[in-house]
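Along the sequence shown, residues are numbered consecutively beginning with 1.
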Amino acid sequence: MFTEQGPTVRELAVQALSSIERGYDLLAPKFDHTPYRTPDRVLDAVTDEVRRLGPFDTGLDVCCGTGAGVGVLRRLCRERVVGVDFSAGMLAEARAAFPPEGGRPAEEEPAGEGPAVDWVRADARSLPFAPAFDLALSFGAFGHFLPAERFGLFAEVYGSLRPGGQFVFPIGAPPPVGSRAYWTLLGFDAAMRVRNALWRPQFVMYYRTFRLGDVLEDLTRAGFAVRLTPLTELGRRPDGSPRARLVVATRE
């Protein structure tokens with residue numbers, strides 16, 4: 001499905017009927033061949049915007065998966081980068097993509113150059129870090145947290161940042177009501193709610209629960225000062241508004 005290298009329909013079905021952790025362990029070897037992996041154009045747009053906020057010495061990729069965000073942090077941080085995820089399978093793929101001697105694939109960077117890269121297996125709702133990072137980011141993971149868990153997640157990131165540290169992530173504009181994308185996301189979330197009502201363990205993955213107003217409120221409650229920056233590289237909607245914004249939350 002998706003590509004010849006991607007998962008089959010049967011493999012996706014088995015994943016969807018598993019827990020989140022087990023599901024991603026199963027999907028990990030083929031994850032980068034699915035649309036679930038954050039597109040390079042989004043990674044590049046975020047990199048360009050966040051670079052203006054630096055410099056940074058240390059960076060944390062929250063829910064790092066196979067390491068796409070670590071690749072961004074490698075371009076932005078000078079000393080150390082850490083990827084944290086609770087899926088052993090995803091971390092194994094990330095370690096293979098970013099070998100310890102160089103931290104990046106060999107075709108991108110000579111061995112031994114760039115910041116050190118470390119990998120930590122942990123739940124983002126209970127991060128095992130002291131205030132040690134200048135920059136934290138996350139891509140594509142927030143749908144795996146229920147709205148009631150969001151404040152606690154943001155508080156954990158806040159506690160992992162040094163004073164003045166910044167937590168950044170992109171957030172897309174909601175699709176127009178009645179559009180094909182609108183009905184697709186609505187249908188997906190409805191199907192997941194039915195699945196989780198009828199099947200255990202639950203697999204939390206929703207696209208319509210991460211609303212900007214609620215997100216900004218929870219970030220502020222967690223102690224962050226928050227601002228939004230348009231990601232103009234990702235284009236604009238017909239009404240002129242940006243298709244995506246960068247949330248910049250600063251620990252004061």
Side-chain angles (χ1 to χ4, degrees), residues 20-21 24 38 46-47 49-88 90-91 94-95 98 103 115-171 204 206 209-229 245-252:
I20 302 175
E21 181 179 351
Y24 275 101
T38 303
V46 170
T47 301
E49 194 61 41
V50 175
R51 184 174 283 116
R52 300 186 179 100
L53 307 176
F56 307 101
D57 288 330
T58 54
L60 175 66
D61 183 2
V62 181
C63 305
C64 66
T66 56
V70 166
V72 171
L73 291 171
R74 290 279 304 173
R75 296 154 67 182
L76 297 170
C77 299
R78 298 179 292 196
E79 295 180 3
R80 182 181 179 228
V81 170
V82 175
V84 59
D85 202 283
F86 77 161
S87 166
M90 298 292 269
L91 287 173
R95 288 189 182 97
F98 295 85
V117 175
D118 295 307
W119 307 98
V120 175
R121 187 182 181 192
D123 192 322
R125 293 166 294 192
S126 183
L127 292 173
F129 305 114
F133 298 97
D134 303 312
L135 175 64
L137 53 70
S138 190
F139 290 98
F142 296 124
H144 294 303
F145 299 92
L146 296 171
E149 299 173 310
R150 191 167 50 226
F151 167 75
L153 170 66
F154 292 162
E156 288 293 313
V157 177
Y158 183 93
S160 302
L161 291 169
R162 295 169 177 157
Q166 297 175 86
F167 178 33
V168 302
F169 52 86
I171 187 166
V204 176
Y206 300 116
T209 58
F210 200 70
R211 298 182 177 91
L212 180 59
D214 298 333
V215 169
L216 298 182
E217 180 180 348
D218 285 340
L219 285 167
T220 302
R221 287 177 56 216
F224 288 104
V226 189
R227 63 186 177 88
L228 300 173
T229 302
R245 292 179 172 89
L246 183 72
V247 176
V248 181
T250 304
R251 173 173 178 169
E252 296 184 320

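Closest approach of C63 to S138, counting heavy atoms only: CB-OG, 4.4 Å. The heavy-atom pair separating G83 from V70 by the smallest distance is CA-CG2, 4.0 Å. Closest non-hydrogen pair, R251 versus G159, comes out as NH1-CA, 3.9 Å.
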Side chain to side chain contact (heavy atoms under 4.5 Å, CB included) assessment of Y206 paired with L146:
CA-CA 8 Å; Y206 300 116; L146 296 171; 4.0 Å; yes
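Applying the side-chain hydrogen bond (donor to acceptor under 3.5 Å, both in side chains) rule to D123 yields the partners R125; only residues at least two apart in sequence or on another chain are considered. Every salt bridge (Lys or Arg N to Asp or Glu O under 4.0 Å) that R51 has, sequence neighbours left out, goes to D48. Residues that satisfy the ring pair (Phe, Tyr, Trp, His ring centres under 6.0 Å) test with F129, not counting sequence neighbours, are F133. Listed by chain and residue number, R121 satisfy the side-chain hydrogen bond (donor to acceptor under 3.5 Å, both in side chains) test with E21 (two or more places apart in sequence, or in another chain). Shown here are the side-chain hydrogen bond (donor to acceptor under 3.5 Å, both in side chains) partners of R150, two or more places apart in sequence or in another chain: D218. Judged as a salt bridge (Lys or Arg N to Asp or Glu O under 4.0 Å), and not counting sequence neighbours, the contacts of R80 are D118.
Distance check, rounded to the nearest 0.5 Å: CG of L246 to CD of Q166 gives 9.5 Å. Here the CG-CG distance, from L127 to L161, works out to 10.0 Å after rounding to the nearest 0.5 Å. The structure places CG of L137 at 4.0 Å from CG of L73, a figure rounded to the nearest 0.5 Å. Here W119 contributes atom CH2 and M90 contributes atom CE; the two are 11.0 Å apart, rounded to the nearest 0.5 Å. Annotation: the span from L135 atom CG to L76 atom CG amounts to 6.5 Å, rounded to 0.5 Å. Atom CG of D61 sits about 7.5 Å away from atom CZ of F139, to the nearest 0.5 Å.
Partner T229 forms a side-chain contact (heavy atoms from CB on, under 4.5 Å) with one of R245, E49, R52 and no other, that one being E49.
Here the side chains of T38 and V46 are not in contact, with every heavy-atom distance at 4.5 Å or above. Using a 4.5 Å heavy-atom threshold, the side chains of F142 and V215 count as separate. Within the 4.5 Å cutoff, side-chain heavy atoms of R78 are placed close to those of P55. At least one side-chain heavy atom of C64 sits under 4.5 Å from a side-chain heavy atom of L91.
A distance-only check finds no donor-acceptor pair linking the side chain of T209 to the backbone of P147 [under 3.5 Å]. Side-chain N or O atoms of T58 include one that pairs as donor or acceptor with a backbone N or O of D134 at under 3.5 Å.
In this structure, F154 and F169 have parallel ring planes: the angle between them is below the 30° cut-off, well short of the 60° mark.
Taking the six-membered ring for Trp and the full ring otherwise, Y158 and F224 have centroids separated by under 6.0 Å.
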